[in-house]
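Owing to the predicted nature of the structure, the values given are computational and were not obtained by experimental measurement. Quick note: numbers below take in every heavy atom, side chains included, and nothing from hydrogens, waters or symmetry partners. In what follows, chains are A, B, ... by sequence order, proteins preceding strands, each numbered from 1.
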Number of protein chains: 2
Amino acid sequence: MASNLDHFFSALADPTRRAVIARLTSGPASVSELHAPHDMALPSFLKHLGKLESAGMVRSLKIGRVRMVHIEAVPMAEAEDWLKTQRRIWEGRLDRLSALAEHLERNGDHG
Amino acid sequence: MASNLDHFFSALADPTRRAVIARLTSGPASVSELHAPHDMALPSFLKHLGKLESAGMVRSLKIGRVRMVHIEAVPMAEAEDWLKTQRRIWEGRLDRLSALAEHLERNGDHG
DNA sequence: CCATTACTTAGCCATATGGCTAGCAATCTC
DNA sequence: GAGATTGCTAGCCATATGGCTAAGTAATGG
């Protein structure tokens, strides 16, 4: 089966790949631009790019001999949503323990 | 080195472990309660629990012969924050791009 | 105190992951 | 068109991961 989340989270479980994502948030880049800051042979780095791409977090297009890579929205949002959902349920449970405080705070409605 | 995020995300990259987290959001449970819905030998399942615990997402306490497991807040929030941060930067960039596009359009800068 | 319950440890196995080198392929540039 | 640039493929290697069985330990219950 292997849900999308499997691939998304495991893609993010590596600092090199997170760095690539972080870099790509500020705009598309070529493979060698992305590779430059990483002290690693290019083929090793390409495997990381491959994972990001097959997780759907990134897309790329080759023009001439240069491949430009850009970030893709959806997976990031999905992963974030999963975490958000879990946290909401979990916090909801905690919140019931301090329901009164929260209720009072909401009644204050200062914001 | 291996940052916290490494462990957090890789802990979440497995459906069994996500299911455990999801289960634990609705309250603590014993090892065998957690194991029950998973078609897997107990030692295999214990490895998953071990990863969740060493990622700091879960804590446990053994009372008598039963080990009770409960979820831990911080890591979930950290992982979510990382995603949120990336998405904000990325969306901010899209906003600037579409602002530019709008600006150009208003200026009659097209066809 | 003996059996059962609830883990725990040890060890095996197959596959995946993350790194490398060497060498191929395609495309600019002069 | 020769050579540099940019990327891709193939294949090797060590370690990690995720599953298993078998056997051990530590409470609890009868």
Side-chain angles (χ1 to χ4, degrees), chain A residues 1-24 27-70 75 79, chain B residues 1-24 27-70 75 79:
Chain A
M1 288 276 272
S3 106
N4 283 342
L5 286 173
D6 285 40
H7 300 300
F8 303 163
F9 283 127
S10 98
L12 293 176
D14 180 284
T16 299
R17 292 192 293 260
R18 284 198 306 279
V20 169
I21 291 293
R23 163 65 187 79
L24 287 176
S30 72
V31 168
S32 26
E33 281 165 0
L34 291 174
H35 171 229
H38 300 283
D39 186 20
M40 172 186 305
L42 183 59
S44 311
F45 184 75
L46 284 181
K47 282 196 192 176
H48 288 297
L49 276 188
K51 290 210 167 179
L52 287 173
E53 188 147 16
S54 74
M57 313 195 67
V58 139
R59 287 198 189 176
S60 69
L61 178 62
K62 191 163 183 176
I63 301 168
R65 60 183 170 177
V66 174
R67 177 174 298 278
M68 293 300 290
V69 184
H70 63 94
Chain B
M1 288 275 274
S3 106
N4 284 342
L5 286 173
D6 285 39
H7 300 298
F8 302 163
F9 283 127
S10 99
L12 293 176
D14 180 286
T16 299
R17 292 192 293 260
R18 284 197 305 278
V20 168
I21 291 293
R23 163 64 186 78
L24 287 178
S30 73
V31 167
S32 25
E33 280 166 2
L34 291 173
H35 171 230
H38 301 283
D39 187 19
M40 172 186 305
L42 183 59
S44 311
F45 183 76
L46 284 181
K47 282 196 192 176
H48 289 297
L49 276 189
K51 290 210 169 182
L52 288 173
E53 188 148 16
S54 74
M57 314 195 67
V58 139
R59 289 197 188 177
S60 69
L61 178 62
K62 192 162 182 177
I63 300 169
R65 60 185 170 180
V66 175
R67 176 175 298 278
M68 293 301 290
V69 184
H70 62 95

Taking the side chain as C-beta and beyond, is there a heavy-atom pair between [X] and [Y] under 4.5 Å?
X       : Y       : answer
B/Val66 : B/Met68 : yes
B/Val69 : B/Pro28 : no
B/Leu5  : A/Leu12 : no
A/Leu61 : A/Ile63 : yes

Rounded to whole angstrom units, what separation is found between the [atom1] atom of [X] and the [atom2] atom of [N]?
X       : N      : atom1 : atom2 : result
B/Leu61 : C/dC7  : CG    : C1'   : 14 Å
A/Arg65 : D/dG3  : CZ    : C1'   : 11 Å
B/Asp6  : C/dT17 : CG    : P     : 15 Å
A/Glu53 : D/dG7  : CD    : P     : 13 Å
A/Leu34 : D/dG7  : CG    : C1'   : 13 Å
B/Arg18 : D/dG18 : CZ    : P     : 12 Å

Distance below 4.0 Å between A/Lys62 side-chain N/O and D/dC8 OP1 or OP2: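 Yes, A/Lys62 has a side-chain N/O under 4.0 Å of OP1/OP2 on D/dC8.
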
C/dT5 phosphate, OP1 or OP2, under 4.0 Å from B/Ser32 side-chain N/O: no

Minimum heavy-atom distance between A/Met57 and A/Phe8, given as atom pair plus value: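 Closest approach of A/Met57 to A/Phe8, heavy atoms only: SD-O, 4.1 Å.
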
Side-chain atoms of residues 30-46 of chain B: list all donor-acceptor pairs with protein atoms under 3.5 Å, sequence neighbours left out, distances to 0.1 Å.
from    : atom 1 : to      : atom 2 : distance (Å)
B/Ser30 : OG     : B/Glu33 : N      : 3.1
B/Glu33 : OE1    : B/Ser30 : N      : 3.0
B/His35 : NE2    : B/Met40 : O      : 2.5

Nucleic acid contacts - residues 35-49 of chain A versus DNA chain D, non-hydrogen atoms under 4.0 Å: A/Leu42, A/Pro43, A/Leu46

